[in-house]
Visitor: 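If you scroll down you'll find the structure; I have some questions about it.
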Amino acid sequence: MPPETSEGSAPKIDTSVPHNARIWNYWLGGKDNYPVDREMGEQIRSFFPEIVDNAIADRGFLVRAVTHLAREEGVRQFLDVGTGLPTHNNTHEVAQSVDPGARVVYVDNDPLVLAHARALLTGSDQGVTDYVDADLRDPDAILEAAGRTLDLERPVALMLLGVVNFVADDAEVRSILDRLLGALAPGSFLVLSHPTDDIDHERAHQVAAAWNERGTPKLTVRTAAEITALFDGLELLEPGVVSCALWRPEPTEVGGIRPVAEYGGVARKA
(Lines give C-alpha, C1' and ligand atoms only; values in the text may rest on other atoms or scores of the structure.)
Protein backbone atom coordinates (compact mmCIF):
# COMPACT_ATOMS: atom_id res chain seq x y z
CA MET A 1 0.00 0.00 0.00
CA PRO A 2 1.23 3.54 -0.67
CA PRO A 3 2.24 5.62 2.33
CA GLU A 4 -0.21 8.06 3.83
CA THR A 5 -0.21 11.74 2.99
CA SER A 6 0.88 14.34 5.52
CA GLU A 7 -2.80 14.76 6.43
CA GLY A 8 -2.85 11.12 7.56
CA SER A 9 -5.17 9.67 4.91
CA ALA A 10 -4.08 7.63 1.91
CA PRO A 11 -4.70 9.40 -1.41
CA LYS A 12 -7.12 7.89 -3.90
CA ILE A 13 -5.10 6.06 -6.55
CA ASP A 14 -6.73 4.48 -9.59
CA THR A 15 -4.80 1.26 -10.21
CA SER A 16 -7.02 0.22 -13.13
CA VAL A 17 -5.64 2.87 -15.51
CA PRO A 18 -1.94 3.05 -16.47
CA HIS A 19 -0.35 6.34 -15.50
CA ASN A 20 2.62 8.18 -16.94
CA ALA A 21 4.55 8.65 -13.68
CA ARG A 22 4.25 4.98 -12.75
CA ILE A 23 5.14 3.68 -16.23
CA TRP A 24 8.18 5.97 -16.32
CA ASN A 25 9.11 4.68 -12.88
CA TYR A 26 8.89 1.12 -14.20
CA TRP A 27 11.14 1.88 -17.18
CA LEU A 28 13.70 3.41 -14.82
CA GLY A 29 13.72 0.25 -12.73
CA GLY A 30 11.60 1.61 -9.88
CA LYS A 31 9.08 -0.34 -7.83
CA ASP A 32 6.36 2.28 -7.40
CA ASN A 33 4.05 0.94 -10.09
CA TYR A 34 1.18 -1.49 -10.55
CA PRO A 35 0.48 -4.43 -12.91
CA VAL A 36 -1.50 -2.20 -15.26
CA ASP A 37 1.51 0.13 -15.57
CA ARG A 38 3.95 -2.72 -16.19
CA GLU A 39 1.61 -4.17 -18.80
CA MET A 40 1.43 -0.86 -20.66
CA GLY A 41 5.18 -0.38 -20.28
CA GLU A 42 5.85 -3.77 -21.82
CA GLN A 43 3.30 -3.20 -24.58
CA ILE A 44 5.08 -0.03 -25.68
CA ARG A 45 8.50 -1.60 -25.27
CA SER A 46 7.43 -4.52 -27.51
CA PHE A 47 7.37 -2.29 -30.60
CA PHE A 48 9.60 0.53 -29.34
CA PRO A 49 12.31 -1.04 -27.18
CA GLU A 50 14.29 2.21 -27.22
CA ILE A 51 11.70 3.77 -24.90
CA VAL A 52 13.77 2.64 -21.93
CA ASP A 53 16.77 4.41 -23.46
CA ASN A 54 14.58 7.54 -23.68
CA ALA A 55 13.82 7.34 -19.96
CA ILE A 56 17.45 6.79 -19.02
CA ALA A 57 18.67 9.57 -21.34
CA ASP A 58 16.11 12.00 -19.93
CA ARG A 59 17.36 11.33 -16.40
CA GLY A 60 20.96 11.73 -17.56
CA PHE A 61 20.01 15.05 -19.14
CA LEU A 62 18.53 16.18 -15.83
CA VAL A 63 21.72 15.29 -13.96
CA ARG A 64 24.01 17.08 -16.42
CA ALA A 65 21.78 20.16 -16.73
CA VAL A 66 21.32 20.61 -12.99
CA THR A 67 25.02 20.01 -12.37
CA HIS A 68 25.96 22.62 -14.98
CA LEU A 69 23.51 25.20 -13.63
CA ALA A 70 24.57 24.71 -10.04
CA ARG A 71 28.32 24.44 -10.67
CA GLU A 72 28.92 26.76 -13.63
CA GLU A 73 26.00 29.20 -13.53
CA GLY A 74 25.67 29.55 -9.77
CA VAL A 75 21.98 28.65 -9.66
CA ARG A 76 20.86 27.78 -6.15
CA GLN A 77 17.09 27.55 -6.65
CA PHE A 78 15.21 24.92 -8.68
CA LEU A 79 11.49 24.66 -9.46
CA ASP A 80 10.84 21.13 -10.78
CA VAL A 81 7.32 20.87 -12.26
CA GLY A 82 5.95 17.44 -13.12
CA THR A 83 8.66 15.76 -11.11
CA GLY A 84 7.11 12.28 -11.15
CA LEU A 85 8.02 9.55 -8.73
CA PRO A 86 11.34 9.71 -6.90
CA THR A 87 14.00 7.37 -8.27
CA HIS A 88 17.72 8.14 -8.14
CA ASN A 89 19.58 11.35 -8.94
CA ASN A 90 16.56 13.52 -8.24
CA THR A 91 16.92 17.26 -8.75
CA HIS A 92 17.54 18.07 -5.08
CA GLU A 93 20.16 15.33 -4.77
CA VAL A 94 22.10 16.62 -7.77
CA ALA A 95 21.82 20.32 -6.85
CA GLN A 96 22.68 19.78 -3.19
CA SER A 97 25.65 17.62 -4.10
CA VAL A 98 27.12 20.78 -5.65
CA ASP A 99 25.86 23.15 -2.96
CA PRO A 100 24.19 21.65 0.13
CA GLY A 101 22.37 24.96 0.59
CA ALA A 102 20.44 24.68 -2.69
CA ARG A 103 16.66 25.10 -2.45
CA VAL A 104 14.36 22.85 -4.51
CA VAL A 105 10.59 22.86 -4.90
CA TYR A 106 8.92 19.88 -6.57
CA VAL A 107 5.49 20.24 -8.18
CA ASP A 108 3.16 17.42 -9.19
CA ASN A 109 -0.52 16.58 -8.95
CA ASP A 110 -0.39 12.79 -9.07
CA PRO A 111 -1.70 11.15 -5.87
CA LEU A 112 0.98 8.47 -5.85
CA VAL A 113 3.69 11.12 -6.11
CA LEU A 114 1.98 12.98 -3.27
CA ALA A 115 2.02 9.77 -1.24
CA HIS A 116 5.79 9.61 -1.70
CA ALA A 117 6.36 13.27 -0.83
CA ARG A 118 8.29 12.29 2.26
CA ALA A 119 10.89 10.58 0.05
CA LEU A 120 11.23 13.73 -2.05
CA LEU A 121 11.59 15.85 1.06
CA THR A 122 14.78 14.13 2.19
CA GLY A 123 17.42 16.73 1.37
CA SER A 124 20.51 18.21 2.97
CA ASP A 125 20.41 19.80 6.40
CA GLN A 126 21.61 23.11 4.98
CA GLY A 127 19.27 23.28 2.00
CA VAL A 128 15.51 23.20 1.58
CA THR A 129 13.45 20.65 -0.32
CA ASP A 130 9.70 21.19 -0.56
CA TYR A 131 6.75 19.70 -2.40
CA VAL A 132 3.73 21.43 -3.95
CA ASP A 133 0.55 19.64 -4.99
CA ALA A 134 -0.42 21.59 -8.11
CA ASP A 135 -1.07 21.22 -11.84
CA LEU A 136 1.10 22.61 -14.63
CA ARG A 137 -2.05 24.15 -16.08
CA ASP A 138 -2.37 26.38 -13.01
CA PRO A 139 0.87 28.40 -13.09
CA ASP A 140 -0.44 31.01 -10.67
CA ALA A 141 -0.95 28.36 -7.97
CA ILE A 142 2.54 27.00 -8.65
CA LEU A 143 4.14 30.41 -8.34
CA GLU A 144 2.24 31.32 -5.20
CA ALA A 145 3.21 28.09 -3.45
CA ALA A 146 6.81 28.06 -4.73
CA GLY A 147 7.26 31.65 -3.58
CA ARG A 148 6.96 30.50 0.01
CA THR A 149 10.22 28.54 -0.37
CA LEU A 150 12.05 30.20 -3.26
CA ASP A 151 13.05 33.84 -3.65
CA LEU A 152 11.57 34.65 -7.04
CA GLU A 153 13.55 37.88 -7.11
CA ARG A 154 16.68 35.77 -7.59
CA PRO A 155 17.45 33.32 -10.45
CA VAL A 156 15.51 30.07 -10.52
CA ALA A 157 15.94 27.07 -12.80
CA LEU A 158 12.50 26.04 -14.04
CA MET A 159 12.57 22.29 -14.77
CA LEU A 160 9.94 20.95 -17.18
CA LEU A 161 11.12 17.47 -18.07
CA GLY A 162 8.67 15.26 -19.91
CA VAL A 163 5.64 17.23 -18.76
CA VAL A 164 4.79 19.84 -21.42
CA ASN A 165 4.03 16.93 -23.77
CA PHE A 166 0.89 16.30 -21.72
CA VAL A 167 -0.57 19.65 -22.80
CA ALA A 168 -1.83 19.25 -26.37
CA ASP A 169 -2.74 22.83 -27.21
CA ASP A 170 0.29 24.88 -28.33
CA ALA A 171 -1.33 28.16 -27.30
CA GLU A 172 -1.94 26.83 -23.79
CA VAL A 173 1.67 25.65 -23.55
CA ARG A 174 2.87 29.10 -24.60
CA SER A 175 0.62 30.78 -22.05
CA ILE A 176 1.91 28.52 -19.25
CA LEU A 177 5.55 29.13 -20.17
CA ASP A 178 5.05 32.88 -20.45
CA ARG A 179 3.37 33.05 -17.04
CA LEU A 180 5.97 30.93 -15.25
CA LEU A 181 9.02 32.48 -16.89
CA GLY A 182 7.56 35.98 -16.65
CA ALA A 183 7.49 35.69 -12.87
CA LEU A 184 11.13 34.60 -12.62
CA ALA A 185 14.09 36.94 -12.24
CA PRO A 186 16.53 37.72 -15.06
CA GLY A 187 19.28 35.12 -15.07
CA SER A 188 16.78 32.32 -14.52
CA PHE A 189 16.82 29.23 -16.73
CA LEU A 190 14.38 26.94 -18.48
CA VAL A 191 15.30 23.24 -18.63
CA LEU A 192 12.86 21.34 -20.82
CA SER A 193 12.64 17.91 -22.43
CA HIS A 194 9.96 16.56 -24.75
CA PRO A 195 9.37 13.46 -26.93
CA THR A 196 9.87 14.06 -30.64
CA ASP A 197 8.91 12.33 -33.88
CA ASP A 198 11.98 13.58 -35.78
CA ILE A 199 13.99 10.39 -35.34
CA ASP A 200 11.25 7.84 -36.14
CA HIS A 201 7.98 9.55 -37.06
CA GLU A 202 5.86 6.43 -37.47
CA ARG A 203 6.86 4.68 -34.26
CA ALA A 204 6.72 7.87 -32.20
CA HIS A 205 3.07 8.28 -33.12
CA GLN A 206 2.47 4.57 -32.60
CA VAL A 207 3.70 5.01 -29.03
CA ALA A 208 1.44 8.04 -28.54
CA ALA A 209 -1.58 6.18 -29.92
CA ALA A 210 -0.97 3.15 -27.70
CA TRP A 211 -0.46 5.39 -24.69
CA ASN A 212 -3.53 7.53 -25.35
CA GLU A 213 -5.78 4.52 -25.86
CA ARG A 214 -5.51 3.53 -22.20
CA GLY A 215 -3.08 5.75 -20.35
CA THR A 216 -3.39 9.07 -18.57
CA PRO A 217 -2.62 11.92 -19.01
CA LYS A 218 -2.76 12.01 -22.82
CA LEU A 219 0.51 12.35 -24.71
CA THR A 220 1.42 14.78 -27.51
CA VAL A 221 4.52 14.29 -29.67
CA ARG A 222 6.12 17.38 -31.25
CA THR A 223 8.74 17.97 -33.92
CA ALA A 224 12.21 19.27 -33.09
CA ALA A 225 11.23 22.65 -34.55
CA GLU A 226 8.13 22.80 -32.36
CA ILE A 227 10.16 21.91 -29.27
CA THR A 228 12.78 24.52 -30.14
CA ALA A 229 10.00 27.13 -30.44
CA LEU A 230 9.17 26.56 -26.78
CA PHE A 231 12.44 28.37 -25.98
CA ASP A 232 11.50 31.49 -27.99
CA GLY A 233 12.66 34.68 -26.29
CA LEU A 234 15.39 32.89 -24.32
CA GLU A 235 19.11 32.43 -24.88
CA LEU A 236 19.74 28.75 -25.64
CA LEU A 237 22.92 27.30 -24.23
CA GLU A 238 25.08 25.16 -26.49
CA PRO A 239 24.43 22.71 -28.08
CA GLY A 240 20.84 23.98 -28.37
CA VAL A 241 17.85 21.64 -28.54
CA VAL A 242 19.16 18.14 -29.22
CA SER A 243 18.55 14.54 -28.28
CA CYS A 244 18.80 14.34 -24.48
CA ALA A 245 21.62 11.83 -24.87
CA LEU A 246 23.63 14.40 -26.84
CA TRP A 247 23.26 17.37 -24.46
CA ARG A 248 26.78 17.86 -23.10
CA PRO A 249 27.58 14.16 -22.59
CA GLU A 250 30.50 13.13 -20.47
CA PRO A 251 33.76 12.88 -22.47
CA THR A 252 33.91 9.14 -21.82
CA GLU A 253 30.48 8.74 -23.45
CA VAL A 254 31.27 10.54 -26.70
CA GLY A 255 31.43 8.17 -29.64
CA GLY A 256 29.19 5.50 -28.20
CA ILE A 257 26.02 7.57 -27.85
CA ARG A 258 22.88 6.77 -29.80
CA PRO A 259 20.37 9.62 -30.16
CA VAL A 260 17.02 9.03 -28.48
CA ALA A 261 13.61 10.40 -29.45
CA GLU A 262 13.53 12.69 -26.41
CA TYR A 263 14.87 16.19 -27.06
CA GLY A 264 16.02 18.66 -24.46
CA GLY A 265 17.52 22.10 -24.06
CA VAL A 266 18.59 24.65 -21.48
CA ALA A 267 18.07 28.39 -21.96
CA ARG A 268 18.69 31.58 -19.99
CA LYS A 269 16.23 34.38 -19.40
CA ALA A 270 17.88 37.73 -20.12
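Position 1 is the first residue of the sequence; numbering continues from there.
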Visitor: Give a yes or no answer on whether the side chain of W211 reaches the backbone of P217 with a donor-acceptor pair at less than 3.5 Å.
Guide: yes
Visitor: Does the plane of the ring in H68 sit parallel, tilted or perpendicular to the ring in W247? Use 30° and 60° as the thresholds.
Guide: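 Ring orientation of H68 relative to W247: perpendicular.
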Visitor: So, does D108 use its side chain to make a donor-acceptor pair with the main chain of G84 at under 3.5 Å?
Guide: yes
Visitor: Which pairs with one or both residues in residues 225-244 pass salt bridge (Lys or Arg N to Asp or Glu O under 4.0 Å), sequence neighbours excluded?
Guide: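 Non-adjacent pairs meeting salt bridge (Lys or Arg N to Asp or Glu O under 4.0 Å): E235-R268.
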Visitor: Would a 4.5 Å heavy-atom cut-off, applied to side chains only, mark V113 and Y131 as touching?
Guide: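 The answer is yes; the side chains approach within 4.5 Å.
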Visitor: Please identify each residue that fulfils ring-ring contact (aromatic ring centres under 6.0 Å, His included) with Y263, with sequence neighbours left out.
Guide: none
Visitor: Would you confirm whether Q43, through its side chain, and E39, through its main-chain N or O, come within 3.5 Å as a donor-acceptor pair?
Guide: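 A pair under 3.5 Å: no.
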Visitor: Going by side-chain contact (heavy atoms from CB on, under 4.5 Å), V173 matches just one of I176, L177, D169. Which one?
Guide: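 Answer to the side-chain contact (heavy atoms from CB on, under 4.5 Å) test with V173 among I176, L177, D169: L177.
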Visitor: So, for V94 and N89, which heavy atoms are closest and what is the spacing to 0.1 Å?
Guide: CG2-O, 3.8 Å
Visitor: So do L158 and K269 actually touch side chain to side chain, heavy atoms under 4.5 Å?
Guide: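 Not in contact.
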Visitor: Hydrophobic clusters here meaning ILVMFWY residues chained together by side-chain heavy-atom distances under 4.5 Å, can you tell me if V107 and L181 are in one?
Guide: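 Yes, same cluster.
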Visitor: Can you classify the ring geometry of H205 versus H201 as parallel (below 30°), tilted (30 to 60°) or perpendicular (above 60°)?
Guide: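 The arrangement is tilted - the two ring planes meet at 30° to 60°.
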Visitor: Between D170 and R222, does any NZ, NE, NH1 or NH2 come within less than 4.0 Å of an OD or OE carboxylate oxygen?
Guide: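 Answer for the salt bridge query: yes.
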Visitor: To the nearest 0.5 Å, what is the distance between CG (L180) and CG (L79)?
Guide: 7.0 Å
Visitor: Go through it in stages, so that I can follow the logic: the residues are I51 and E262, the test is side chain to side chain contact (heavy atoms under 4.5 Å, CB included), and I'd like the CA-CA distance, side-chain angles, deciding distance and then a yes or no.
Guide: CA-CA 9 Å; I51 193 69; E262 185 87 7; over 6 Å; no
Visitor: Please identify each residue that fulfils side chain to side chain donor-acceptor pair (under 3.5 Å) with R38, with sequence neighbours left out.
Guide: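 Here the qualifying residues are N33.
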Visitor: Could you name each residue pair satisfying side-chain hydrogen bond (donor to acceptor under 3.5 Å, both in side chains) that touches residues 177-193, not counting sequence neighbours?
Guide: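 Output for this query lists D58-S193, D140-R179, R174-D178.
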Visitor: Are the side chains of V241 and H194 in contact, using a 4.5 Å heavy-atom criterion?
Guide: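 Answer no - side chains too far apart.
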Visitor: For the atom pair CD1 (I227) and CG (L192), what is the distance rounded to the nearest 0.5 Å?
Guide: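 The distance works out to 8.0 Å.
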Visitor: Of all heavy-atom pairs between P49 and R203, which one has the smallest distance, and what is that distance?
Guide: CD-NH1, 3.9 Å
Visitor: Take L237 and R248 through the side chain to side chain contact (heavy atoms under 4.5 Å, CB included) test and state the conclusion after the steps.
Guide: CA-CA 10 Å; L237 303 190; R248 302 194 179 195; 3.9 Å; yes
Visitor: With the side chain counted from C-beta on, respond yes when H92 and Y106 share a heavy-atom pair under 4.5 Å apart, and no when they do not.
Guide: yes
Visitor: Counting C-beta onward and ignoring hydrogens, is there a side-chain heavy-atom pair between T129 and Q96 closer than 4.5 Å?
Guide: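 T129 reaches Q96 side chain to side chain.
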Visitor: With distance as the sole test, does S175 use its side chain to make a donor-acceptor pair with the main-chain N or O of A171 at under 3.5 Å?
Guide: no
Visitor: Is the backbone N or O of P259 less than 3.5 Å from a side-chain atom of S243, with the two atoms forming a donor-acceptor pair by type?
Guide: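 Here the side-chain-to-backbone pair does not exist.
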Visitor: If you take all heavy atoms of P195 and L219, which pair is closest and at what distance?
Guide: CG-CD1, 4.0 Å
Visitor: Does any non-hydrogen side-chain atom of E202 lie less than 4.5 Å from one of D200?
Guide: yes
Visitor: Identify the two heavy atoms, one from A157 and one from L69, that lie closest to each other, and give their separation to 0.1 Å.
Guide: CB-CD1, 3.8 Å
Visitor: With a 4.5 Å heavy-atom cut-off, do V266 and F61 have their side chains touching?
Guide: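 Yes, close enough: below the 4.5 Å cut-off.
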Visitor: Can you tell me if N54 uses its side chain to pair, donor with acceptor, with the backbone of V260 under 3.5 Å?
Guide: no
Visitor: So do V207 and F47 actually touch side chain to side chain, heavy atoms under 4.5 Å?
Guide: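 Sidechains of V207 and F47: in contact.
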Visitor: Report, as yes or no, whether the 6.0 Å neighbourhood of atom CD on Q206 holds more than 12 heavy atoms from other residues, nucleotides or ligands.
Guide: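 Yes, enclosed.
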Visitor: For V221 and N165, run side chain to side chain contact (heavy atoms under 4.5 Å, CB included): C-alpha distance rounded to whole Å, both residues' side-chain angles, the deciding distance at 0.1 Å, then the answer.
Guide: CA-CA 6 Å; V221 177; N165 39 282; over 6 Å; no
Visitor: Is a donor on one side and an acceptor on the other found under 3.5 Å between the side chain of D198 and the backbone of A224?
Guide: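 Side chain of D198 to backbone of A224: a pair is present.
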Visitor: Roughly how far, to the nearest 0.5 Å, is CG of D32 from CG of N25?
Guide: 5.0 Å
Visitor: Looking only at heavy atoms, what is the nearest atom pair of V66 and A95, with distance?
Guide: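 Closest approach of V66 to A95, heavy atoms only: CG1-N, 3.7 Å.
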Visitor: Let me confirm one number: the CD1-CG distance from I23 to L28, rounded to the nearest 0.5 Å.
Guide: 12.5 Å
Visitor: Please determine whether residues V163 and L190 belong to a single hydrophobic cluster, defined as Ile, Leu, Val, Met, Phe, Trp and Tyr linked transitively by side-chain heavy-atom distances below 4.5 Å.
Guide: yes
Visitor: Under 3.5 Å, side chain of D135 to main-chain N/O of R137, donor-acceptor pair present?
Guide: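 Here the side-chain-to-backbone pair exists.
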Visitor: Please check if V63 and V98 belong to a single hydrophobic cluster, counting links between Ile, Leu, Val, Met, Phe, Trp and Tyr side chain heavy atoms closer than 4.5 Å.
Guide: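 No, separate clusters.
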Visitor: Nearest heavy-atom pair of L136 and I142: which atoms, and what distance?
Guide: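 Nearest pair, atom of L136 first, then I142: CA-CD1, 3.9 Å.
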Visitor: Hydrophobic cluster membership, with links at side-chain heavy-atom distances under 4.5 Å among I/L/V/M/F/W/Y: are F231 and V156 in one?
Guide: yes
Visitor: Whether the side chain of R64 engages the backbone of C244 through a donor-acceptor N/O pair (distance < 3.5 Å, no angle test) should be reported.
Guide: yes
Visitor: Just grab all the side-chain hydrogen bond (donor to acceptor under 3.5 Å, both in side chains) pairs involving residues 74-84, residues at least two apart or on different chains.
Guide: R76-D99, D80-T91
Visitor: Hey, any chance I56 and Y26 share a hydrophobic cluster, counting ILVMFWY side chains that come within less than 4.5 Å of each other, even indirectly?
Guide: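 They do share one cluster, since a chain of ILVMFWY contacts under 4.5 Å joins I56 to Y26.
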Visitor: Would you say E144 has more than 12 foreign heavy atoms packed within less than 6.0 Å of its CD?
Guide: no
Visitor: Okay, side chain of D37, backbone of P35: is any donor-acceptor separation there less than 3.5 Å?
Guide: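 Answer holds: no.
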Visitor: Test of understanding: with side chain to side chain contact (heavy atoms under 4.5 Å, CB included), list the residues that count as partners of V36, not counting sequence neighbours.
Guide: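 For V36 the side chain to side chain contact (heavy atoms under 4.5 Å, CB included) partners, ignoring immediate neighbours, are P18, R22, Y34, R214.
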